[in-house]
Amino acid sequence: MEISGSTALVTGASKRIGRGIALALAEKGCNVAVHYHVAEEDAMETRDLARALGVRSEVVGADLSSADECVSLWSRTVELLDDVPSVVINNASYFDRVGIEEMTPGDFDQAMAVNVRAPLLLAQAMARELPEYATGKIININDRRGVYRSRVAYSITNSALTGLTKTLAVSLAPRIQVNELRLGIILPLPDDEPVEPRRHADRTLGPASRMGTVDEVCQAVISIIGNDYINGASLNLDGGLSAIDGS
């Protein structure tokens, strides 16, 4: 697939990994819809950085826990960029620290809605509206580690997202290809103190003994989009097998 001249929707693109992916696509000549939930100013900064690279970019706010807002996110993206996105990067996620004893049905529903239902609804929208002559790419950003004792709802959705990826890959083939990128430790968690990578080498970082970089994530995303054969794959971007330590 030719990235230049295409249109992409990147969820959770206001900062961190999402911003990096949005700007990497813009560098390749892809117009970008920058989705955000609450960080509007950061999203506008991402948009401005993308525009400075010579592409069209717009900010689109939406609460992905709402099915109606997911549908609206798609329609507003099409309207603002005057194009149907042929690339969707599902980067946004519900990642609250909630253990098994504290988790409520609402916590579970919120995680499933944001992390699994939203990617499903966006895939359905792409399948309905993508022109017959066009091809599409969906990449779901997932977690290589997968299971956290302190983040039960989030951990459950990691497995569900893998299942969704494989189901969509079969259901939408061959015109739309769906893959997931399972990340190792790229950045410190937003709610954690900064970590010293070497201190965690034996426990979580694996043989590479370092965290990954946002640039390495972006390189992987660009590579997947550019490959017209890979479909339904769960690709690990990790410095080695990350141990599950239960935290």
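When reading the values below, keep in mind they use all heavy atoms of this one structure, side chains included, and skip hydrogens, waters and symmetry mates.
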Heavy-atom donor-acceptor pair, R151 side chain to F95 backbone, under 3.5 Å = yes

Mind jotting down which residue pairs meet the salt bridge (charged side-chain N to carboxylate O under 4.0 Å, His left out) criterion with at least one end in [range]? Sequence neighbours excluded, please.
| range | value |
| --- | --- |
| residues 101-128 | none |
| residues 40-50 | K15-D42, R19-E45 |
| residues 68-84 | none |
| residues 49-61 | R51-E58 |

Test of understanding: clusters of I, L, V, M, F, W, Y form through side-chain heavy atoms closer than 4.5 Å, transitively. Do [X] and [Y] belong to the same one?
| X | Y | answer |
| --- | --- | --- |
| Y148 | F108 | no |
| I176 | V71 | no |
| I224 | V178 | no |
| V98 | I156 | yes |

Residues forming a side-chain contact (heavy atoms from CB on, under 4.5 Å) with [X], sequence neighbours excluded:
| X | result |
| --- | --- |
| A123 | I138, L168, L172 |
| S6 | M1, C30, S86 |
| C70 | L64, A118, L121 |

Contacts of [X] that satisfy side-chain hydrogen bond (donor to acceptor under 3.5 Å, both in side chains) - sequence neighbours left out:
| X | answer |
| --- | --- |
| N115 | T157 |
| N91 | none |
| T213 | E216 |
| T165 | N140 |

Would you tell me whether N142 and R182 have side-chain atoms, one donor and one acceptor, within less than 3.5 Å of each other?
-> no

Contact between [X] and [Y] at the side-chain level, heavy atoms closer than 4.5 Å - yes or no?
| X | Y | answer |
| --- | --- | --- |
| L161 | L164 | yes |
| V10 | T46 | no |
| L183 | I17 | yes |
| S234 | K166 | yes |
| T11 | L122 | yes |

H35/L9 under side-chain contact (heavy atoms from CB on, under 4.5 Å): CA gap, chis, key distance, verdict = CA-CA 7 Å; H35 161 263; L9 167 61; 4.3 Å; yes

Quick one: SG on C218 to CG on L23, what's the gap to the nearest 0.5 Å?
-> 8.0 Å

Euclidean distance, S65 OG relative to M112 CE, rounded to 0.5 Å | 13.5 Å

Of all heavy-atom pairs between G232 and N179, which one has the smallest distance, and what is that distance?
-> N-OD1, 3.1 Å

Which atoms form the tightest heavy-atom contact between S14 and A43, and what is the distance?
-> CB-N, 3.5 Å

Could you pull out all donor-acceptor pairs under 3.5 Å where a side-chain atom in residues 129-137 meets a protein atom, sequence neighbours excluded?
unit_1	atom_1	unit_2	atom_2	d
E129	OE1	W74	NE1	3.3
K137	NZ	Q177	OE1	2.4
K137	NZ	I225	O	3.3
K137	NZ	N227	O	2.8
K137	NZ	D228	OD1	2.8

